[in-house]
Amino acid sequence: DPSNITNTQRIDAALPTIKYCLDKGCKSVVLCSHLGRPDGSRVGKYSLAPVAKCFEGKLSMPVNFLSDCCGPEVEAACADPAPGSVILLENCRFHVEEEGKGVDQDGNKTKADKGKTA
């Protein structure tokens, strides 16, 4: 079950830094991570949505989970967030630009557009 996180070691390791930033009055904390090897396409079992729920429980506060890690909606959400908020972006490996290569929906090998990675 991909929604069941069996090892929270990396989440737990990030908590002191997140709490430190919030305690020192930062406007927000934006978290970005990767999970699995989805080959540059959206694969539900590699979504970070369960991680957002885990962070909410461990931080005892809401975590705003965004369904992508880049683009206009993410930029808008991160440009002026609520003070003291925590935002978790979706798995950056859902974009072929993260790894430089991947596989499309038909199983064909793809490469990132160099113009999008510069």
Side-chain angles (χ1 to χ4, degrees):
D1 178 14
S3 65
N4 183 22
I5 299 172
T6 57
N7 184 342
T8 62
Q9 181 179 356
R10 292 183 181 175
I11 294 169
D12 296 335
L15 292 173
T17 303
I18 296 167
K19 289 177 180 177
Y20 175 84
C21 292
L22 294 171
D23 290 345
K24 294 296 181 183
C26 72
K27 181 157 186 184
S28 68
V29 175
V30 179
L31 306 169
C32 183
S33 190
H34 57 82
L35 177 66
R37 299 251 181 229
D39 288 324
S41 58
R42 290 187 176 272
V43 177
K45 70 179 182 178
Y46 295 128
S47 174
L48 294 179
V51 176
K53 293 290 183 195
C54 184
F55 268 122
E56 283 183 347
K58 290 179 177 283
L59 292 169
S60 300
M61 63 180 292
V63 172
N64 183 11
F65 177 69
L66 301 182
S67 62
D68 206 343
C69 64
C70 59
E73 291 178 14
V74 172
E75 290 176 21
C78 295
D80 191 25
S85 61
V86 175
I87 299 169
L88 175 62
L89 308 180
E90 182 57 281
N91 191 344
C92 61
R93 285 189 176 163
F94 284 177
H95 294 272
V96 70
E97 293 82 11
E98 165 64 13
E99 301 256 336
K101 60 184 178 178
V103 178
D104 67 15
Q105 293 174 340
D106 298 323
N108 301 311
K109 292 182 180 180
T110 60
K111 287 192 174 189
D113 177 353
K114 288 187 181 187
K116 292 183 178 180
T117 59

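Under the 4.5 Å side-chain heavy-atom criterion for Ile, Leu, Val, Met, Phe, Trp and Tyr, Ile5 and Leu89 are members of distinct hydrophobic clusters. Leu66 and Leu48 are assigned to two separate hydrophobic clusters, defined by single-linkage of ILVMFWY side chains at heavy-atom distances under 4.5 Å.
To the nearest 0.5 Å, atom CG of residue Asn64 and atom CG of residue Leu88 are 9.0 Å apart. Rounded to the nearest 0.5 Å, atoms CG (Asp12) and CZ (Arg10) are 12.5 Å apart. Atom NE2 of residue His34 and atom NE2 of residue His95 lie 14.5 Å apart, to the nearest 0.5 angstrom.
Under a 3.5 Å cut-off, the side chain of Asn91 and the backbone N or O of Ser47 do not form any donor-acceptor pair. Between the side chain of Glu56 and the main chain of Met61, no donor-acceptor pair closer than 3.5 Å is present.
Taking every heavy atom of both residues into account, Ser67 and Arg42 meet most closely at O-NH2, 2.8 Å. Of all heavy-atom pairs spanning Ser28 and Pro81, the tightest one is OG-CG, 3.2 Å. Val29 approaches Cys21 most closely through the heavy-atom pair CG2-CB, 3.9 Å. Closest of all the heavy-atom pairs between Phe94 and Pro38 is CD2-CG, 3.7 Å. Phe65 and Ala52 make their closest contact through CB-CB, 3.8 Å (heavy atoms, listed as atom of the first residue, atom of the second, distance). Scanning both residues, Ile11 and Val51, for their nearest heavy atoms gives CD1-CG1, 4.0 Å.
Leu35 places none of its side-chain heavy atoms less than 4.5 Å from the side chain of Arg93. Residues Leu31 and Ile87 are not in side-chain contact: their nearest non-hydrogen atoms beyond the backbone lie 4.5 Å or more apart. Two residues are said to be in side-chain contact when any heavy atoms from C-beta on lie closer than 4.5 Å; Glu73 and Asp68 fail this criterion.
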**Asked** Between Leu15 and Phe55, is a side chain to side chain contact (heavy atoms under 4.5 Å, CB included) present by the stated rule, with each step listed?
**Response** CA-CA 8 Å; Leu15 292 173; Phe55 268 122; 3.8 Å; yes

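Residues Lys27 and Asp80 are paired through a salt bridge, judged by an N-O separation under 4.0 Å between the basic side chain and the carboxylate.
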